[in-house]
Amino acid sequence: MLHTLLEVPRFRLIDHSGEDGPDQAMASFAIDDALAISVGENLAPPTARLWIHDRTIMLGIPDSRLPYIDEGVAYLQEKGYKAVVRNSGGLAVLLDKGVVNLSFIFPDAKHIGIHDGYQAMVSFIQYIFRDLTDKIEAFEVEGSYCPGTYDLSIDGRKFAGISQRRVKDGSAVQIYLCVDGSGSARAEIVRGFYEKAKKDAETRFTFPEVVPETMASLDELLHVPLTSEKVCKRIADGLASITHIDPDKKMTAYELQLQQDRMKLMRARNENIK
């Protein structure tokens, strides 16, 4: 059953999956903030946005405060990854060309429970893969990176995680979907980051003990040859089957200005991550 947040007359779909410049990963969070403000002010309809960033580790705010963060970031760079501190909740997540990100931007954040946003995303992912599996579950997968109540897994192995950020009266619900490639290999990179950035130090925040075998990609779990392009199409087709897709697929001039303002905040958040 789809969540009621998805039962709206129209949605706008913005496809940024082909855009991946040097600062685009950082910009993605500024963009979602801008969209949340605009949608929250009812200047645009509820919006879905697709985005893909290659060889990027999205760090949570607690990650950026790890005692040996410089060594952790240096390790990631040696492995060919750039590190970006995001503004939404959660901890380190690995992105590459085999990971599809989807943001749902909803209005009326002040009147909607935070769990509703998460549950809307869970119901949509279950919906678009219903022809392949009915085993997608939401619960915290211990041993995964960026663990949370709304981890998505099949047979106990995690392939997706969800975060949420609220800006004024709009909310951005963001999911990463590990589509193809090795989920455990991705987890091994994140495990190595924590080994370098935390070591044996005592920290106030509890960081995950990453067990690579707890992570997998959808093509590993479903034994179906999926690609990022195919999943982006599933998302677009799934939305079109439940609501009218707004023909205007671009950001407005107001949203672009908001993005510039929010990008300044993202740059400030990342100024100490080299």
Side-chain angles (χ1 to χ4, degrees), residues 25-26 28-29 32 53-96 98-99 101 114-115 117-118 121-122 137-154 156-166 172-178 181-217 265-266 268-274:
M26 194 184 303
S28 269
F29 294 91
D32 279 3
H53 301 308
D54 194 24
R55 300 187 73 80
T56 302
I57 306 291
M58 291 295 191
L59 301 178
I61 295 170
D63 292 319
S64 69
R65 297 170 181 157
L66 280 159
Y68 304 99
I69 182 63
D70 291 345
E71 293 182 38
V73 171
Y75 161 82
L76 295 175
Q77 291 170 343
E78 289 170 8
K79 295 290 185 180
Y81 292 83
K82 59 181 176 286
V84 173
V85 181
R86 67 179 184 272
N87 55 14
S88 56
L91 296 171
V93 169
L94 186 149
L95 304 182
D96 58 36
V99 179
N101 300 276
I114 192 166
H115 293 289
Y118 286 112
M121 182 65 82
V122 171
E137 297 181 282
F139 62 86
E140 182 170 330
V141 177
E142 189 174 345
S144 66
Y145 55 71
C146 195
T149 304
Y150 289 96
D151 294 342
L152 293 189
S153 61
I154 295 172
R157 298 179 72 194
K158 177 176 171 179
F159 67 88
I162 309 175
S163 62
Q164 185 171 171
R165 176 168 167 81
R166 295 185 164 207
V173 183
Q174 303 156 331
I175 189 169
Y176 71 85
L177 294 157
C178 293
S182 170
S184 61
R186 292 184 177 105
E188 189 65 48
I189 297 290
V190 179
R191 186 179 71 84
F193 163 74
Y194 283 119
E195 284 184 348
K196 299 290 185 182
K198 181 180 180 292
K199 299 184 180 180
D200 293 325
E202 292 291 327
T203 56
R204 292 183 180 179
F205 195 91
T206 301
F207 293 92
E209 297 286 341
V210 179
V211 179
E213 293 74 24
T214 62
M215 307 286 292
S217 63
L265 299 177
M266 285 299 298
R269 188 181 298 280
N270 280 271
E271 63 184 5
N272 294 324
I273 301 296
K274 305 300 182 184

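Note that these values count all heavy atoms, side chains included, but never hydrogens, waters or copies made by symmetry. Note that the coordinates shown come from a computational prediction; the quantities given were computed from them, not determined experimentally.
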Inset, instruction - Taking Thr214 for its side chain and Gly143 for its backbone only, find out whether a donor-acceptor pair lies under 3.5 Å. - result: yes

Inset, instruction - Taking the side chain as every heavy atom from C-beta outward, state whether Phe159 and Asp151 have any pair of such atoms under 4.5 Å apart. - result: no

Inset, instruction - Report the residues that fulfil ring-ring contact (aromatic ring centres under 6.0 Å, His included) with Tyr81, sequence neighbours left out, ordered by chain and then residue number. - result: none

Inset, instruction - Determine yes or no for a side-chain-to-main-chain donor-acceptor pair under 3.5 angstrom, with Glu137 supplying the side chain and Leu152 the backbone. - result: no

Legend entry - Spatial distance of atom CZ (Arg186) from atom OH (Tyr176) [nearest 0.5 Å]: 10.0 Å

Inset, instruction - Mark yes when over 12 heavy atoms from residues, nucleotides or ligands other than Glu142 sit less than 6.0 Å from its CD; otherwise mark no. - result: no

Inset, instruction - Find the distance between OH (Tyr150) and OH (Tyr118) and round it off to the nearest 0.5 Å. - result: 8.0 Å

Inset, instruction - Report the C-alpha distance between Phe29 and Met58 in whole Å, list the side-chain angles of each, state the deciding distance to 0.1 Å, and finish with yes or no for side chain to side chain contact (heavy atoms under 4.5 Å, CB included). - result: CA-CA 11 Å; Phe29 294 91; Met58 291 295 191; 3.2 Å; yes

Inset, instruction - Report yes if the side chains of Arg165 and Asp32 come closer than 4.5 Å at any heavy-atom pair, otherwise no. - result: no

Inset, instruction - Search all heavy atoms of Tyr145 against all heavy atoms of Cys178 and return the closest pair with its distance. - result: OH-SG, 4.1 Å

Inset, instruction - Quick one: pull up CD in Glu213 and OG in Ser184 and give me the separation to the nearest 0.5 Å. - result: 6.5 Å

Legend entry - Shortest non-hydrogen contact between Gln164 and Ile114, atoms and distance: NE2-O, 3.0 Å

Inset, instruction - Mind listing the closest non-hydrogen atom pair of Lys196 and Gly72 along with its distance? - result: CB-CA, 3.9 Å

Legend entry - Evaluation steps, side chain to side chain contact (heavy atoms under 4.5 Å, CB included), between Arg55 and Leu94: CA-CA 7 Å; Arg55 300 187 73 80; Leu94 186 149; over 6 Å; no

Legend entry - Sub-4.5 Å side-chain heavy-atom contact between Ile189 and Leu76: yes

Inset, instruction - With side chain to side chain contact (heavy atoms under 4.5 Å, CB included) as the test, would you mind laying out the steps for Phe205 and Leu66 before giving the verdict? - result: CA-CA 9 Å; Phe205 195 91; Leu66 280 159; over 6 Å; no

Inset, instruction - Work out which heavy atom in Arg86 is nearest to a heavy atom in Ile61; give both atom names and the distance. - result: O-CG1, 3.7 Å

Inset, instruction - Would you check if there is a donor-acceptor pair between the side chains of Thr56 and Lys82 at a distance under 3.5 Å? - result: yes

Inset, instruction - Drop me the distance from Lys158's NZ to Cys146's SG, to the nearest 0.5 angstrom. - result: 5.5 Å

Legend entry - Residue that, paired with Ile273, satisfies side chain to side chain contact (heavy atoms under 4.5 Å, CB included) out of Asp63, Asp70, Val73: Val73

Inset, instruction - I would like to know whether Met215 and Val210 meet side chain to side chain contact (heavy atoms under 4.5 Å, CB included); could you show each step before the answer? - result: CA-CA 9 Å; Met215 307 286 292; Val210 179; 5.6 Å; no

Inset, instruction - Measure the OH-CG distance between Tyr68 and Asp200 for me, rounded to the nearest 0.5 Å. - result: 8.5 Å

Legend entry - Distance in Å, Leu95 CG paired with Ile57 CD1, rounded so as to fall on 0.5 Å steps: 7.5 Å

Legend entry - Sub-4.5 Å side-chain heavy-atom contact between Leu91 and Pro62: yes

Inset, instruction - Can you see which heavy atom on Gly98 is nearest to which on Asp96, and at what distance? - result: N-OD1, 2.8 Å

Legend entry - Taking every non-hydrogen atom, the tightest pair across Gly156 and Val141: O-CG1, 3.6 Å

Legend entry - Asn101 side chain to Gln174 side chain, donor-acceptor N/O pair below 3.5 angstrom: no

Legend entry - Intermediate values then yes/no, salt bridge (charged side-chain N to carboxylate O under 4.0 Å, His left out), Lys199 and Glu71: CA-CA 10 Å; Lys199 299 184 180 180; Glu71 293 182 38; 2.8 Å; yes

